[in-house]
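Labels below follow one simple rule: chain letters A, B, ... track the order of the sequence lines, proteins then strands, and each chain is numbered from 1.
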Amino acid sequence: MKRDPMHFIKPELMPRKVKGPDGVEFEVEPLRDYFCDAPPTVQHGAYLKIVEDFFNWARAQSLWILGFGTGCGAIEMRPLMTPRFDAYRYGIQWRPTARQANLLVISGYLSTKTLKRAIRAYEQMQNPKYVVGLGSCTINGGMYWDSYNTIKCLDQYLPVDLYITGCMPRPEALLQGFEDLKKLIRAGQAEGANRYAENFTWYKANQKQVIHDWDMPDYNW
Amino acid sequence: MAFEWIKIPYALLTLFIVVNYGMLLGALMQKIAARVGRRHGVPIWQNYADLIKNYGLRTSITHGVMFYLGPVFRLSGGVGLLLFVPTIYGSEMFSNLSFAGDLILALYFVFFGTLGMALGAGESGHPHAAIGVSRGLAQVTAAELPFALAVFAVALQYQTLSITDIVAAQQGGVENWTLFTNPLAVAAAMLAFLGSMMRPPFDVVLAPQEIPIGPPTEYHSSYLALMQTNRAIFPIAKIVVYMNLFFGGAATWPVFFLKVFCIYLVSVFVGVVFPRFRVEQSIRWFLVWAVPLGVLAILLV
């Protein structure tokens, strides 16, 4: 079978007929049945400014980070949970599921293979959601700048709210970065999810340029 | 007997006090557990920020009707348990909607939330949710056995199914508490209590780091906020039942706050010391250690 390199679909994702345990045959189309690919829309805040400010205060005080480490930088996140740094003091907690998290930390280099998972995780999070790029690798590729399978500028693939520089940044730098993110959120400037929705086609084009085995719908929340 | 409508605002007032106390107490217990690990832990008002944030999320998705109803059932389990049990003994305002047979209803409501959650989490379709719920139902059933036996022992002891009458029988000094008049039943019930507080060694349902995070995996925004509200109400409501049955009830709010705090602390003490059981270990533990105590309590009463 001839495969289009830009639209590579695995056999298990092909539409096909399946025989159920009761002997009845039915058709499945995994990409349509298991995902929903309605594109994201721009979501406006609460009608009253005071209510939106109040929500923004709560959002800033309750950063739930998705427990998803992409590169070596993930090792710098672990000390934040320990007695030495104890990020819980600042309302920062880790959630194991993308549905409940509202902060995605891209911790260090991001290979194109992981980028696909990062995109899926990001799209499953609910608006408003924030992305923090951790370490030089997310800014300009860092020491992987001429690598064949890592991305160089994270902002082209996901809407980054804040970068934390360093290779690696110390946990103190991370805490400082989270405090800065809180200021952005309180000021109502952390609207990455809406930027993603506005420039959806641009982000998708960039993503598809590096991910060659794109075997999922364009948007899978 | 005519229904007194004034009971409804009184019951809502009870609910308001218990929600706020539950939120603060939950954070306080997190702080205590964090101090054991030499951390400072979350701020005391963290649960409010989390709740407001979850209500304030702008988008949410659904997996179907039961996905909506799961958290609603769970919350109604907590609220129902609270409202059909006298919160403050002897108080016209805070006896809520208690009636002659409320002990049986309370037993039912303890189980109700888990069943609702099973339906909701099943609809979410996530494998972790299905595993978590099957673990949860197995463990709740095992933990319910000693609790039910203890409750029957207490009902036999006082010859009544009304929680108000049971509290009334325990008045007049610490030595009249069920804790001292029927220690076996209290022991069995307290072991069951450990199993229902979602803390180690019995947190096989949520099981962080293992099936993160079990039933609520797919839940977010308002659904999750409803469940968080229930997490504030349900432990308190359950402790109120224990307090009324075994520890003499409470005649005033300060006594209520103190007793609830102390009973809650039992599960936290055990939780910070022991690591998590596996499911079959936990169920076996209840059957081997707690159920015989309950049977003895019934035989000796």
List the steps and the verdict of side chain to side chain contact (heavy atoms under 4.5 Å, CB included) for A/Leu104 and A/Tyr130. CA-CA 6 Å; A/Leu104 178 61; A/Tyr130 320 107; over 6 Å; no
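- Both the backbone and the side chain of B/Glu218 come within less than 4.5 Å of a heavy atom in chain A.
- Cation-pi check for B/Lys238 over B/Phe193 is not met; the charged atom does not lie both under 6.0 angstrom from the ring centroid and within 45 degrees of its normal.
- Only the backbone of A/Thr82 comes within contact range of chain B, judged by heavy atoms closer than 4.5 Å.
- No other option in A/Phe55, A/Trp57, A/Tyr88, A/Phe54 has as many heavy-atom pairs under 4.5 Å with chain B as A/Tyr88.
- Stacking of A/Arg117 on the aromatic ring of A/Phe68 is not recorded, the 6.0 Å distance cut-off and the 45° axial limit not both being met.
- Only the side chain of B/Leu224 has a heavy atom closer than 4.5 Å to any heavy atom of chain A.
- Residue B/Ser221 does not touch chain A at all, counting heavy-atom pairs closer than 4.5 Å.
- Ranked by heavy-atom pairs shorter than 4.5 Å toward chain A, the options B/His40, B/His128, B/His126 are led by B/His40.
- Between chain A and the residues B/Gly37, B/Pro216, B/Ala34, B/Gly56, the most heavy-atom pairs under 4.5 angstrom are made by B/Gly56.
- With chain B as the partner, the residue from A/Glu52, A/His44, A/Gln61, A/Lys129 showing the most heavy-atom pairs under 4.5 Å is A/Gln61.
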For the pair A/Tyr122 and A/Ile106, evaluate side chain to side chain contact (heavy atoms under 4.5 Å, CB included) and give the outcome as yes or no after the intermediate values. CA-CA 10 Å; A/Tyr122 179 74; A/Ile106 301 295; over 6 Å; no
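- Counting heavy-atom pairs under 4.5 Å between each of B/Lys31, B/Gln30, B/Arg38 and chain A puts B/Arg38 at the top.
- Seen from the ring of A/Trp64, B/Lys53 counts as a face-on cation partner, given the 6.0 Å and 45° thresholds.
- At a threshold of 4.0 Å, the pair B/Glu280-B/Arg135 does not count as salt-bridged, since none of the basic side-chain nitrogens sits closer than that to a carboxylate oxygen.
- Within the 4.5 angstrom heavy-atom criterion, only side-chain atoms of A/Arg95, from C-beta onward, approach chain B.
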One pair to check against ring-ring contact (aromatic ring centres under 6.0 Å, His included): B/Trp253 and B/Phe256. What are the steps and the verdict? CA-CA 5 Å; B/Trp253 280 108; B/Phe256 170 89; 4.9 Å; yes
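- In this structure, B/Arg199 and B/Met29 have side chains that are in contact, with non-hydrogen atoms separated by less than 4.5 Å.
- Contact count versus chain B (heavy atoms, under 4.5 Å) is highest, among A/Gly91, A/Ala193, A/Ala98, A/Ala101, for A/Gly91.
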